[in-house]
Amino acid sequence: MLRMKKLLAIGLMMSSFAFGQAKKDTLNKEYKLEVTPYKIEKKEKPLPLSKKGQVFVFYGWNRGAFSNSDIHFTGNGYDFQLNNVSARDKPTKFGIVYFDPSWFTVTQYNFRIGYFIKDNLAIVLGIDHMKYVMKQNQTVDFSGTISDPKYAAMVQNGQVDLSDTKFLTFEHTDGLNYENLGLEKYKNLIHKKNIDLVWSYGAGIGAMFPKSNIKLFGNERSDRFHVAGMGTDLRSSLNLVFWKNWMMRLEGKAGYINMWDIKTTLNNKPDKARQDFVFGQVLAGVGYTFNTKKYN
């Protein structure tokens, strides 16, 4: 009997040890913590011309075309209109003048600065320095009155020949300045390692601030800057961005200009002209785009 008690005690001890070991192993398995290394999330630099806060600047050159327009002249002793007057732009011959900063206003130039107010949407401040020259060798329809018999005699059968320059010379060559504010939407078309092709489209509106070179009836030529009216436009461009920041831009634009206060004499007489016309413009140049926010 004593021997049986000893065997029973030894069995209980062995089972307690086995149970305790199993419980310990289970606890180790259930409460073992796995620690993974913390990874810092890297913020990728966004595509150019795409994100809120990005900025670009641009400088380029243009060629322009203008529809025919009716030009109405009023002043002391005259009130008349020349109908269907044709005009052209005045590009500067290619040379060092296009790259010398001291001569930049001589060319037909464009300047832009844009800021992305939302992803893919930029507000753009621009200056379009176009040049408008009335074609001198033309005969146009005339309606109205001229009190000076010398110039009234130049009107024959309801028309006037402008080719000898004695009746009128008419230019906005310093220039036809369209100072505008626009909204442009951007879309990335091609994204490669160091090349992006971005398309944009938009519209703008602004003031016309020409320096008009006009000589009417032999008066001293008017040649001064002034706010003459307003303009509006639709535009679209292709932008090639390379090395992340540098850009080349090709833009087409069509718009409408209405100038109701064109100065036609040098002094402060009330003499003035008004005209409106449609214009088209193609421009190209270079620029730089950058982020105002920091990215890793």
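The figures here come from the full heavy-atom set of this structure, side chains too, leaving out hydrogens, waters and symmetry mates.
- Linking Ile, Leu, Val, Met, Phe, Trp and Tyr residues whenever their side-chain heavy atoms come within less than 4.5 Å places V85 and M208 in a single cluster.
- The backbone N or O of F277 lies less than 3.5 Å from no partner atom in the side chain of S67, so there is not a single donor-acceptor pair.
- The six-membered or imidazole ring of Y256 lies away from that of F279, with a centre-to-centre distance of 6.0 Å or more.
- A salt bridge links R235 and E184; the closest N-O separation between the charged side-chain nitrogens and carboxylate oxygens is under 4.0 Å.
- To the nearest 0.5 Å, atoms CE (M247) and CZ (F58) are separated by 7.0 Å.
- A salt bridge does not link K90 with D174: none of the charged nitrogens is closer than 4.0 Å to a carboxylate oxygen.
- More than 12 heavy atoms of other shown residues, nucleotides or ligands fall within 6.0 angstrom of atom CE in M154.
- Other residues, nucleotides and ligands place more than 12 heavy atoms under 6.0 Å from the NZ atom of K185.
- Counting heavy atoms from C-beta outward, M130 and N62 have side chains that approach closer than 4.5 Å.
- Here the side chains of D128 and N180 are in contact, with some heavy-atom distance below 4.5 Å.
- In this pair, F80 and F142 present their aromatic rings parallel. The plane angle is below 30°, not in the 30 to 60° band.
- Residues W199 and N239 fail the side-chain proximity criterion, which asks for heavy atoms closer than 4.5 Å.
- When ring centroids are compared, F225 and F209 come within the 6.0 Å threshold.
- Distance check, rounded to the nearest 0.5 Å: CD1 of I214 to CE of M134 gives 9.5 Å.
- Here the options are Q136, K215, Q275, K135, the test is side-chain contact (heavy atoms from CB on, under 4.5 Å), and the partner is F170; only Q275 passes.
- Within the 4.5 Å cutoff, no side-chain heavy atoms of N83 are placed close to those of V140.
- Here CG of D89 is found 4.5 Å from CD of Q108. Values are rounded to the nearest 0.5 Å.
- Side-chain atoms of N245 come within 3.5 Å of backbone N or O of T289 as a donor-acceptor pair.
- In the model, T107 has no side-chain atom that pairs as donor or acceptor with a side-chain atom of T92 under 3.5 Å.
- Cluster membership check: M259 shares its hydrophobic cluster with L168, using side-chain heavy-atom separations under 4.5 Å among Ile, Leu, Val, Met, Phe, Trp and Tyr.
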Exercise for the section: Test N188 against D196 for side-chain hydrogen bond (donor to acceptor under 3.5 Å, both in side chains), laying out the working first. Expected result: CA-CA 7 Å; N188 192 292; D196 286 271; 3.0 Å; yes
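- Here CG of N120 is found 9.0 Å from CD of Q54. Values are rounded to the nearest 0.5 Å.
- Between R112 and E251 there is a salt bridge, with a side-chain nitrogen of the basic residue lying less than 4.0 Å from a carboxylate oxygen of the acidic one.
- In this structure, the side chains of S200 and R249 come closer than 4.5 Å at one or more pairs of heavy atoms.
- A distance-only check finds no donor-acceptor pair linking the side chain of N157 to the backbone of Q159 [under 3.5 Å].
- Residues L240 and I195 form a side-chain contact, since some pair of their non-hydrogen atoms from C-beta on lies under 4.5 Å apart.
- With hydrogens and angles ignored, the 3.5 Å screen pairs no side-chain donor or acceptor of S237 with any backbone N or O of G252.
- Put simply, the side chain of L183 does not reach to within 4.5 Å of the side chain of V124, judged on heavy atoms.
- Using a 4.0 Å cut-off between charged side-chain N and carboxylate O, D148 and K150 make no salt bridge.
- Under the 4.5 Å side-chain criterion, counting only non-hydrogen atoms from C-beta, V160 is in contact with L82.
- Remark: D119 engages K51 in a salt bridge, criterion side-chain N to carboxylate O under 4.0 Å.
- Between atom OG1 of residue T173 and atom CG of residue N213 there is a gap of 3.5 Å, rounded to the nearest 0.5 Å.
- Centroid-to-centroid, the aromatic rings of Y59 and F111 stay 6.0 Å apart or farther.
- Looking only at atom types and distance, the side chain of N177 has no donor-acceptor partner in the side chain of H172 under 3.5 Å away.
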Handout entry: Stepwise side-chain contact (heavy atoms from CB on, under 4.5 Å) test for N194 and W243
Key = CA-CA 5 Å; N194 289 314; W243 300 330; 4.2 Å; yes
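- Residues Y78 and F73 keep their aromatic ring centres 6.0 Å or farther apart.
- Using cut-offs of 30° and 60° on the angle between ring planes, the pair F217 and Y151 is parallel.
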